[in-house]
Amino acid sequence: MTPSTLSQPSAPSGGPAVAPPKTTGPGGDDRAARLRALALRFSMLWVLVLLVVAATVLYPGFLRAANLQDILTQNAAVGIIAVAMTFVIISGGFDLSVGATYALGSTVFAGVTKSTGSVPLAGVCALLAGIAVGAANGTIIARWKVNPFVTTLGMSSVIAGLAYVYSDSAPFIVDDLSFQYLALTAVAGVPLPIWILLGVFLIGSVLLSRTGYGRNIFAIGGNEEAARLSGLRVPWLVGSAYVMTGVTAALAGMIDASRLGVGQADVGATVALDTIAIVVVGGTSLRGGEGAVWRSAVGLLILATLTNVFYSLNISQHWQLIAKGVIVVTAVALDSLLRSRRT
């Protein structure tokens with residue numbers, strides 16, 4: 001028996017068939033509801049399209065290939081972290097320590113290169129530092145049940161202090177040209193950081209939307225206790241998400257150090273705000289259980305486009321910070337409003 005057969009009420013014996021009840025009101029309410037849901041689902045995509053149109057009008061050179069390449073190169077580092085932050089926020093967590101880890105990755109990458117002359121060894125050391133930070137965050141949050149906001153806020157201070165101690169509060173200036181390979185090499189005419197960004201987004205998207213691991217992350221964010229009772233290894237899953245943010249933040253710091261030829265502990269002050277803004281503006285809910293990597297890609301392009309237009313119009317960086325804060329607060333407010341309407 002098919003579902004359509006089940007939905008039809010039985011006809012009385014010897015009588016005419018009874019018509020099924022109407023599921024739509026006058027004017028196709030059901031269809032209108034579907035269209036509204038579709039519009040809300042892709043709302044930030046429409047915002048991006050409108051923003052690109054406005055940017056093209058305000059800055060005619062916006063769509064030039066060189067400008068688009070510059071936009072992606074300049075935002076590759078925060079975009080890479082935003083992919084991992086998407087996993088953390090969907091799982092119901094939060095990571096404010098990515099800025100300090102970014103600085104630690106930059107410092108270790110440059111410092112080890114300068115002391116050993118080995119760029120590959122320096123890269124491994126920087127990534128291991130990121131893994132250690134993520135593992136510490138994950139253990140404190142998932143095993144010891146400390147609030148993610150408090151944990152990562154406190155850890156950011158510890159990590160920043162370690163970076164300053166390691167560098168003795170002085171920048172590591174690296175003259176080795178191979179040190180700049182990571183940031184300045186181009187493959188098929190496209191800078192390597194862009195390829196890394198695209199690769200991280202692709203891997204993150206597949207992992208979140210096509211694997212059991214991704215489904216488990218959603219389950220934890222939707223209801224952690226129910227996920228635990230269903231047999232999921234919640235501490236391990238939550239901890240792995242924080243390891244992701246640690247590794248990606250260290251990698252982003254390496255890219256920054258490679259681009260500048262300098263590793264220093266005082267970078268990354270706005271990285272945490274930038275990455276959270278990207279994820280939230282894209283439409284991932286801060287309450288957990290809802291989001292997607294493609295949404296973070298849209299959020300990245302929205303904020304990167306705004307920044308590019310602001311710079312092209314010579315708008316002060318102070319106003320850029322104000323605009324970014326307003327956008328984040330508005331996005332969170334809209335998320336709360338939509339959730340309250342659905343419930």
Side-chain angles (χ1 to χ4, degrees), residues 69-85 95 97-137 156 158-204 242-272 274-275:
Q69 184 171 287
D70 287 343
I71 290 174
L72 291 176
T73 302
Q74 291 165 6
N75 292 276
V78 290
I80 289 168
I81 305 172
V83 174
M85 188 69 79
D95 193 347
S97 68
V98 289
T101 309
Y102 177 96
L104 182 65
S106 169
T107 304
V108 171
F109 186 48
V112 175
T113 299
K114 195 172 181 66
S115 61
T116 67
S118 174
V119 175
L121 176 61
V124 170
C125 290
L127 293 177
L128 287 175
I131 291 173
V133 169
N137 281 332
S156 65
V158 173
I159 299 161
L162 289 173
Y164 277 108
V165 168
Y166 174 68
S167 64
D168 198 21
S169 300
F172 290 112
I173 301 174
V174 184
D175 298 324
D176 188 347
L177 291 178
S178 62
F179 180 73
Q180 297 183 299
Y181 177 88
L182 183 61
L184 301 185
T185 299
V187 178
V190 178
L192 186 57
I194 295 179
W195 286 115
I196 296 173
L197 173 67
L198 295 176
V200 170
F201 264 105
L202 178 61
I203 294 170
Y242 286 96
V243 170
M244 283 188 201
T245 53
V247 171
T248 54
L251 175 59
M254 290 166 55
I255 293 173
D256 178 75
S258 177
R259 179 174 60 87
L260 299 174
V262 177
Q264 47 195 348
D266 59 353
V267 295
T270 64
V271 165
D274 290 342
T275 53

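The chain is numbered in sequence order, starting from 1. These numbers come from a predicted model, not from an experiment.
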Original post:
What about F179 and F109, are their ring centers closer than 6.0 Å?
Top reply: yes

Original post:
Of all heavy-atom pairs between Y102 and I81, which one has the smallest distance, and what is that distance?
Top reply: CD1-CD1, 4.1 Å

Original post:
Are side-chain heavy atoms of L127 and M254 found at a separation under 4.5 Å?
Top reply: yes

Original post:
For the side chain of D168 and the backbone of A170, is there at least one donor-acceptor N/O pair under 3.5 Å apart?
Top reply: no

Subject >> Heavy-atom closest contact (V271 atom, G99 atom, distance) >> reply: CB-CA, 3.9 Å

**OP:** Kindly say whether L182 contributes a backbone atom to a donor-acceptor pair with the side chain of T185 at under 3.5 angstrom?
**Re:** no

Subject >> Closest contact, heavy atoms only, V119 versus S178 >> reply: CG2-OG, 3.4 Å

**OP:** Would you please say whether a donor-acceptor pair under 3.5 Å links the side chains of S97 and N137?
**Re:** yes

Subject >> Criterion side-chain contact (heavy atoms from CB on, under 4.5 Å) against V133, the qualifying member of T245, I159, L162, D95 >> reply: I159

Original post:
What pair of heavy atoms forms the shortest contact from A252 to A77, and how long is it?
Top reply: CB-O, 3.5 Å

**OP:** Measure the spacing between CG of D176 and OG of S258 and express it to the nearest 0.5 Å.
**Re:** 10.5 Å

Original post:
How close do S106 and A257 get, heavy atom to heavy atom, and via which atoms?
Top reply: OG-CB, 3.5 Å

